[in-house]
Amino acid sequence: MQQPARSLFQGSGRPGPVPAGGLLPVQHLRGVLEGAVAQGRARSAERILILTHRGPDPDALGACEGLRHLIQEGFGLQATVATLGRIRRAENLALVRALELDLEDYEGIDTRKFAGVALVDTQPEFGHTVLPEGLPVLAVFDHHVPPVVEGCEPIGVAHRDVRLNLGATASMIYEYLRDAEVPLDSRTASALFCGVRYDTADLSRTNSDLDEEAYYETFRYADRTAIAEIHHPPLPRSYYVELSNALSLARQHGPLVLALLGEIENPETVAEMADFLLRMKGVSWVVVGGAFEGEYVLSLRTDYAFGKAYPLMERVLAGEGSFGGHGHIAGGHLILEDSGESTIKEVERMLRANALAVIATPPEGDEETIPTEGRLLSE
Ligand SMILES: [Mn+2]
């Protein structure tokens, strides 16, 4: 197995990081960041830049905020959180607003001010993660399976903490704060709580003791009004327009609900509708798609009995576009040749045919065939 020379914690599958030389992870991290800041001082590059994946979710935002708190209050260093891609999902917007998170736009940052990058809820090797040129990646905190790129070694990161057994990156950051004995203020506690809450579905999708501890401990200090507002955020009128559109276009084909929506106003619609439609009794998987700004975006959900989302998305896209996913959730997108209605229709015909091909092969002994026209939800 290839490992970057300086990585200490590439602990794939291990219960947690292996501290080097008896140091706690947080002590090791402190040494790495202090060293980089000391080196950067001569050219006034003393801040740490905290980044995450494009279109950050609550776990990414919570972990960013927690890490900022650790670096500033625990280590006495300065940190900036910058995000890439507009935050559109109502819950995530409410999180940023209710907690008054200070996020800079990645496109506008002056990289000369920074000694290096700390990356949370993702790894440098993931496609949805952009890093500024010329800045070293000092630390990585994540809980996703590292991507395997043939012939490509992972880049050297002084502090790489990847724990596959954790439900949320926010739980890991909570542990660092706990070990550094940094008190949680209500903003940090609320942000971390939301991260653990949404990535583990209120602890229903994890069996990690650390997730559980992080959930309860951060909840104790969280702003209850803010987290309630984040849980039930105000929704724009366009949300109801898209909901109505999705309900009228969705078709059920046996265990599958397909909703291919044509042009959409908000790319988050596809994930929101997929979550909503999967709750229908008798439905095991859902594919929702729509065209947005030159791309066709797709969201796929499966229930626990049906299995993994990733191979299903692979079959739905059949070699076109790009996609990713873990467990019962997958997302994908295709670049559209143009935004004309006929191009969108053509893509939707192809996706529908691919999805129906998955269910057209009946399980052994079951000769029932699935009608391709499907059934409207109003029928
Ligand atoms: Mn996460």
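Whatever order the structure lists them in is the order used to number ligands and atoms, beginning at 1.
Note on ring orientation: taking the six-membered ring where Trp is involved, the planes of Phe219 and Tyr215 are parallel (angle under 30°, cut-offs 30° and 60°).
The list of salt bridge (Lys or Arg N to Asp or Glu O under 4.0 Å) pairs with a residue in residues 112-126, not counting sequence neighbours, reads Asp110-Arg112, Glu125-Arg160.
Applying the side chain to side chain contact (heavy atoms under 4.5 Å, CB included) criterion to Ile329, with sequence neighbours excluded, gives Arg301. In terms of the side chain to side chain contact (heavy atoms under 4.5 Å, CB included) criterion, Asn207 has no residue partners (sequence neighbours excluded).
We find that Arg178 and Glu213 are joined by a salt bridge, their nearest charged nitrogen and carboxylate oxygen being less than 4.0 Å apart.
Looking only at distances, no side-chain donor or acceptor of Asp199 sits under 3.5 Å from a matching main-chain atom of Ala168.
Listed by chain and residue number, the protein N/O/S atoms under 2.8 Å of the Mn ion (ligand 1) are Asp59 OD2, Asp121 OD1, His143 NE2, Asp199 OD2, with waters left out.
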